[in-house]
Amino acid sequence: AIIQRVTAGGFINSHSGSDRFRTEDAVEFLLHALHVEEAHQIKVTHETHRKRIFWNPFQTEDILKHPSLQSKPLKLNADLSHWCAACERCFDEEREARDREWWPPLL
């Protein structure tokens, strides 16, 4: 039933994987998710969420830069409030060099 709803124009917003996944585990998971998405002609977004693969911006950057995911149609739902909560700070590219390295180019 869910596949019919999704193929009728909807999409699945996934709280994907676990924050305990190593980068290689996350990439393997996402490649499989992309295969399922293509096989069933559905849209899946992967939300930035605490306790999940994309739980912080630094892990997210590592995953997205992985060679196996380059040129893949991976879609993220960026709920940035989870990044602020996970990192226990707001991001300030003007004052913090670490933030300047990825924000906003990551998005």
Side-chain angles (χ1 to χ4, degrees):
I2 189 74
I3 295 295
Q4 286 92 9
R5 288 182 185 170
V6 174
T7 56
F11 66 94
I12 295 171
N13 181 58
S14 177
H15 289 194
S16 302
S18 172
D19 60 2
R20 67 178 173 78
F21 282 13
R22 294 173 299 131
T23 298
E24 292 299 324
D25 298 329
V27 169
E28 182 180 345
F29 177 93
L30 293 166
L31 289 171
H32 180 72
L34 286 165
H35 172 75
V36 169
E37 191 175 350
E38 183 178 335
H40 293 283
Q41 295 296 298
I42 58 176
K43 294 179 184 174
V44 178
T45 62
H46 303 275
E47 186 170 330
T48 58
H49 201 283
R50 286 171 288 167
K51 299 184 180 182
R52 303 298 176 198
I53 290 173
F54 297 115
W55 72 280
N56 78 55
F58 312 106
Q59 172 77 4
T60 299
E61 181 180 34
D62 290 345
I63 292 168
L64 295 179
K65 285 184 173 180
H66 193 279
S68 297
L69 291 175
Q70 296 304 300
S71 74
K72 300 288 185 189
L74 189 65
K75 293 172 281 307
L76 298 186
N77 176 2
D79 184 344
L80 302 181
S81 67
H82 290 283
W83 283 358
C84 291
C87 295
E88 295 185 346
R89 65 194 182 100
C90 291
F91 301 103
D92 186 352
E93 66 179 301
E94 297 297 320
R95 293 191 321 202
E96 295 193 44
R98 183 172 72 166
D99 293 346
R100 204 170 16 256
E101 294 174 11
W102 68 270
W103 180 267
L106 173 63
L107 300 176

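W55 and L74 are members of different hydrophobic clusters when ILVMFWY side chains are connected at heavy-atom separations under 4.5 Å.
A donor-acceptor distance shorter than 3.5 angstrom exists from the side chain of T48 to the backbone of D79, with no hydrogens or angles considered.
A 4.5 Å side-chain heavy-atom check between F54 and H46 finds at least one atom pair inside the cut-off. For the pair L64 and L76, the minimum side-chain heavy-atom distance is below 4.5 Å. At least one side-chain heavy atom of I42 sits under 4.5 Å from a side-chain heavy atom of I12.
Put simply, CG on N56 and CZ on R50 are 12.5 Å apart, with the number rounded to the nearest 0.5 Å. In this structure, CZ in R52 is found 7.0 Å from OG in S18, a value given to the nearest 0.5 Å.
Here H15 pairs with H49 under the ring pair (Phe, Tyr, Trp, His ring centres under 6.0 Å) rule; sequence neighbours left out. Partners of T23 according to the side chain to side chain contact (heavy atoms under 4.5 Å, CB included) rule, which considers only residues two or more places apart in sequence or in another chain, are V27, Q59, D62, I63, H66.
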Quick one: side chains of residues 28-38, donor-acceptor pairs under 3.5 Å with protein atoms, not counting sequence neighbours, listed by atom name and distance.
residue, atom, partner, partner atom, Å
E37, OE2, V44, N, 3.3
E37, OE2, K75, NZ, 2.5

